[in-house]
Amino acid sequence: MSGKLIILNHPLIHHKLALIRDEKTGTKDFRQTVAEVAMLMAYEVTRDLPTRKMSVKTPVGLAEVYVLAKEVVIVPILRAGLGMVDSITTLIPTAKVGHIGVYRDERTLEPHEYYAKLPGIVSEASVLVVDPMLATGGSVKHAIDILKSKGVTDISYVGLVGAPEGVRKIQQSHPDVNIFLAALDEKLNEHGFIVPGLGDCGDRLFGTK
Ligand code: PRP
């Protein structure tokens with residue numbers, strides 16, 4: 001069994017991804033557009049969240065309504081994942097946010113954890129791991145390893161651009177985790193960068209290069 005790979009095929013996402021990929025796009029537009037795509041993706045990613053029935057009294061009568069049955073926790077992988085958080089919490093204002101800091105060694109491409117802070121209720125929650133880039137998949141795999149070690153069972157990964165190598169790694173190591181991407185690109189180059197990708201997302205988001 002391997003987790004589902006869902007590529008979100010939507011004209012607005014395609015249009016915004018064109019701007020994100022363009023090397024001429026500066027920090028302000030890049031940051032804003034990453035957030036917009038994350039919001040559009042969140043709408044689809046949360047489609048199957050469990051709901052429970054209850055009733056509320058309207059000014060006119062009693063209405064049967066459906067509300068989220070479980071807490072939602074968003075877990076950005078630092079740094080680039082931060083660019084996807086605020087727009088998702090706009091859609092799900094009750095969501096809690098955990099942070100996992102992982103950097104990729106530029107030479108070995110191995111993930112190194114430097115920070116982890118998760119909400120206490122995380123094991124009961126629907127967890128969305130967010131990181132715009134799925135390259136070798138090492139960082140996302142590591143984040144999911146941490147979450148599972150805390151007893152989390154309901155995990156989805158949401159990213160902008162993925163490489164086939166990263167998708168394979170997550171599908172093999174965590175076959176229960178669904179992978180949502182805005183685009184699946186061709187390959188990794190010899191430096192572990194996604195081709196054609198969008199460059200270094202963290203640097204473009206925060207203007208550090
Ligand atoms: C980049 C990117 C992902 C990771 C993807 O982060 O934002 O987190 O690499 O690579 P992988 O799939 O091979 O693990 P980076 O390590 O550059 O850190 P940053 O977000 O702080 O810039």
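By convention here, the first residue in the shown sequence is residue 1. All ligand and atom numbering here is 1-based and tracks the order in the structure.
- Gly137 counts as a contact of ligand 1, since one of its heavy atoms falls under 4.0 Å from the ligand.
- Among all non-hydrogen protein atoms, the one lying nearest atom 17 (O) of ligand 1 is Asp200 OD2, 4.1 Å.
- Considering only non-hydrogen protein atoms, atom 18 (O) of ligand 1 sits nearest to Val102 O, 4.3 Å.
- An N or O contact shorter than 3.5 Å is missing between Tyr114 and ligand 1 by distance.
- Other residues, nucleotides and ligands contribute only 12 or fewer heavy atoms inside 6.0 Å of the CD atom of Glu124.
- Interface of Tyr103 with ligand 1, defined as ligand atoms under 4.0 Å from a residue heavy atom, comprises 16 (O).
- Listed by number with element, the atoms of ligand 1 under 4.0 Å from a non-hydrogen atom of Ala80 are 7 (O), 20 (O).
- Contact check for Leu118 versus Leu147: side-chain heavy atoms found under the 4.5 Å cut-off.
- For the pair Asp203 and Arg79, the salt-bridge criterion is met [side-chain N within less than 4.0 Å of a carboxylate O].
- Atom 1 (C) of ligand 1 is not flagged as protein-proximal [any protein heavy atom, distance under 4.0 Å].
- Taking each of Met133, His112, Arg104, Lys141 in turn, the one with a heavy atom nearest to atom 9 (O) of ligand 1 proves to be Arg104.
- Atom 21 (O) of ligand 1 has Arg79 NE, 3.0 Å as its closest protein atom, hydrogens excluded (heavy atom only).
- For atom 14 (O) of ligand 1, the nearest non-hydrogen atom of the protein is Ser139 OG, 2.6 Å.
- If you chain together hydrophobic residues whose side chains sit under 4.5 Å apart, Tyr157 and Val73 fall into the same group.
- Counting only heavy atoms of the protein, atom 13 (O) of ligand 1 lies nearest to Thr136 OG1, 2.5 Å.
- Remark: Tyr103 pairs with His112 by the ring-ring contact (aromatic ring centres under 6.0 Å, His included) rule, at least two apart or across chains.
- Using a 3.5 Å distance cut-off with no hydrogens or angles, the side chains of Ser126 and Asp154 do pair a donor with an acceptor.
- Linking Ile, Leu, Val, Met, Phe, Trp and Tyr whenever their side-chain heavy atoms come within less than 4.5 Å puts Leu160 and Leu128 in one cluster.
- Leu198 is not connected to Leu134 by any chain of hydrophobic side-chain contacts under 4.5 Å among Ile, Leu, Val, Met, Phe, Trp and Tyr, and they are in different clusters.
- When the options Ile100, Asp131, Leu205 are ranked by their closest heavy atom to atom 7 (O) of ligand 1, first place goes to Asp131.
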